[in-house]
Amino acid sequence: MWKLKRTHTCGELRVQHVGQNVILNGWVESRRNFGNLIFVDLRDRYGKTQVLFSPDRAQELVALADALKNEWVIAVKGVVRRRDTETVNPKIVTGEIEVDAIELEVLNEAKTPPFPISEHLAVSEETRLQYRYLDLRRPSMQRNLITRHKVLHAIRTSMDRQNFVEIETPYLVKFTPGGARNFLVPSRHFPGRFFALAESPQIFKQLSMVAGYDRYYQIARCFRDEDLRADRQLEFTQLDMEMSFVQRDDVMDAIEQVCVDIWKAVLGLEVPRPFARLSYADAMREYGTDKPDLRFEMKIWDVTGEVAESGFKVFAEAAKAGVVRGLTASGAAFSRKDTDVLETFVKGIGAKGLISLKVEEGGKLSGGVAKFLGEREAGAIRVKSGAKAGDTVFMIADEEEKAASVLGALRNHLAARLDRIPKEQFRFCWVVDFPMFEKTDEGIAARHHPFTSPKDEHLEMLEKEPLKVQAKAYDLVLNGFEIGGGSIRIHRRDIQQRIFRLLGLTDEYLRDRFGFLLEAFEYGAPPHGGIALGIDRLSMLILGLDNIRDVITFPKTQRTTDLMMGSPGTVTEKQLKELHVRVVEDAEGGRAELPSVR
RNA sequence: GGGGGUGUAGCUCAAUUGGUCAGAGCAGUGGAUUGUCGAUCCACAGGUUGCGGGUUCGAGCCCCGUCACCCUCGCCA
């Protein structure tokens, strides 16, 4: 049994506590020994306090303090002293005082950590993930997780104030087709049957509308067995919400309110409302993406019409079936090596090539293909690009979608490289008027999901020109990241049937997969709509980070392994048998190599 | 599956053209030190240069393969 239970935290003591007897518990961050005089910085999640072991105290106390190592867990009893003016440490909030130790209790010793917990040196993410519990002890990670907690708390407060009801729904669900690849969980009771881990609570939240809950929300974990990115994990957290008897703007208003409340509660910032709105078509044309980063300009321009007759074949050919568009990097010069690197970058994302032109004094264009351009094309490029002497323009000639996406990626890439992205700025925007369907190899597919309502005025085009039909869908974008997406749903059986038919889904198939939902909609489904916000991305952005793993306690690597616990792991033959599962070696010969278990 | 990047001491990094280049700081260990706070000083210890192969008189460096991690395209209704 240990004795010295803390009376204060390590971030709490100030000059007004001077003279008090206190007990602190925490981890040894560092020990500085000056002979008989020893300083120990004691750390907990609240802060850091300097403990003094003075030679005036018992010899045993000083000897024990001298034996302390970093990350030992200790309890110290002592008196709060005001520090002399010249020994005040202005870097920490407890820097005006120190605790003059009277008693020391070692609660636990610790091995030397593989990396320092104090953060004067960067540590590779691989090592951090392997010893995640130590990484999480570092102040920056504690800040991240505590900020995330504040986000969650602000969400619950805001949703409650707005009269939403928090309702939990199952994670073990039935596989429904479409959307992300599912994780499957074999059923012990039914050989050959599987649960799927919910990729989102979509269907349940619509059912809760049928059930009359009117305003539902949930902070739900979602599971998607897709490839990972800096902003994507296998399991992630959503604020999922749904409302009845609403139109699009009601949902948008409610979620704007949540965002405003979060930013106010976490950062004390007033986010201006209403958020900007941008149509999908405009976003794609001007920013080359449906999630534009509005913190900087650098819009994409188009000279397709102007170069259609060009003697430069690349332009003339592209203008026939596609577009010729470009970006302007103002006041930035690029060496041949720089543009080669950029060309490799755009080719890596599917571009055929990258045209770069420099604007000389007097407006003359120079560089690679400049000599092929007539005065008419060069003039058009100058006008549309708005480029001045010293600027560089980059151009892509390709099919429209490709040109847009390549320039969109290049826009972000250049802005980051040229340091043109203002930090600590939050630019929310809604992207609306999404197309209802997209082309696939087999025909057309729902762009959002098959329960999304088409715009009323587009209903008549549904069968004739489905690709022109727009949906009552909306995405919330922040600083170039999609942080939410939702829609007004179809609540009428006849329209839902038309959509399913367009998607080529047979009645039999629908009965098997969605029968319960379609039936539910026949028992009085109110008009409804909703949205889901990505909490991990939102937390990442509010912290100014560029990686979702830094706001997730125990994230997985890009190859979907957990470097700490070594998952995924093997199971026993007995477990497999019980689940009626047999492991088959694949055609490549053998199972993929498992992550090493330490 | 494709494109790009990284891998050297426990941690973070350096090592000219392939040639005394196996090095530094931090951490660690031992010692010194009465006001530090990323303490300082002295000393010591610490290496399969991710792994396997190849080229070469000689490879951390070049080539091939492979593994791990990161960014990205596809994928993510």
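Note on naming: letters A, B, ... go to the chains in the order of the sequence lines (proteins, then strands), and numbering restarts at 1 for each one.
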Just to be sure I understand the rule, does A/Lys91 reach a base, reach only the sugar-phosphate, or reach nothing, if contact means heavy atoms closer than 4.0 Å? sugar-phosphate

Closest heavy-atom contact between A/Leu533 and A/Leu476? CD2-CD2, 3.9 Å

Step by step, work out the side chain to side chain donor-acceptor pair (under 3.5 Å) result for A/Thr169 and A/Gln218. CA-CA 8 Å; A/Thr169 59; A/Gln218 177 176 197; 3.0 Å; yes

Suppose we screen for ring-ring contact (aromatic ring centres under 6.0 Å, His included). Which residues come up paired with A/Phe115, at least two apart in sequence or across chains? none

Look at A/Arg181 and B/C76 and indicate whether a side-chain polar atom (N or O) is within less than 4.0 Å of OP1 or OP2. no

B/C37 OP1/OP2 closer than 4.0 Å to side-chain N/O of A/Ser30: no

Measure the distance from CZ on A/Arg549 to C1' on B/C69 and round it to the nearest whole Å. 9 Å

Could you measure between the two C1' atoms, the one in B/G65 and the one in B/C76, and give it in whole Å? 32 Å

Only counting residues at least two apart or in another chain, list the ones meeting side chain to side chain donor-acceptor pair (under 3.5 Å) with A/Gln496. none

Heavy atoms under 4.0 Å is the rule here; annotate nucleotides 29-35 of chain B 5' to 3' with B where the base is hit, S where only the sugar-phosphate is, and - elsewhere. S---BBB

Return the pairing partner of B/U12 with a 3.5 Å limit on both distances, Watson-Crick or G-U wobble; otherwise return none. B/A24

Select base, sugar-phosphate, or nothing to describe what A/Pro177 touches, counting heavy atoms under 4.0 Å on all strands. nothing

Span that lies between the C1' atom of B/G28 and that of B/G10, in whole angstrom: 8 Å

Quiz item: A/Arg224 side-chain donor-acceptor pair to B/C76 base, under 3.5 Å: no

Protein heavy-atom contacts under 4.0 Å, written 5' to 3' over nucleotides 2-11 of chain B as B (base), S (sugar-phosphate only) or - (none), form the string BSS-----SB

Non-hydrogen atoms of A/Tyr216 and A/Met209 that approach each other most closely: CB-CE, 3.6 Å

Is A/Thr561 near enough to B/C69 that one of its side-chain N or O atoms lies under 4.0 angstrom from OP1 or OP2? yes

Least distance between heavy atoms, A/Asn547 atom then A/Ala230 atom: OD1-O, 3.6 Å

Between A/Arg32 and B/U36, is there a side-chain N or O to OP1/OP2 distance below 4.0 Å? no

When you compare B/U56 with B/C63, how far apart are their P atoms, in angstrom units rounded to a whole number? 16 Å

Considering only the P atoms, how many Å lie between B/C64 and B/G23, rounded to the nearest integer? 30 Å

Residue pairs fulfilling salt bridge (charged side-chain N to carboxylate O under 4.0 Å, His left out) with at least one residue in residues 471-492 of chain A, sequence neighbours excluded: A/Glu242-A/Arg489, A/Asp456-A/Lys472, A/Arg492-A/Asp494

Summary of salt bridge (charged side-chain N to carboxylate O under 4.0 Å, His left out) pairs that have at least one residue in residues 110-122 of chain A, sequence neighbours excluded: A/Glu119-A/Arg138

A/Asp84 versus A/Thr87, side-chain donor and acceptor atoms under 3.5 Å: no

Would you kindly give the CG-to-P distance between A/Leu42 and B/C37, to the nearest whole Å? 19 Å

Using atom P of each nucleotide, how far apart are B/C61 and B/G18 to the nearest Å? 11 Å

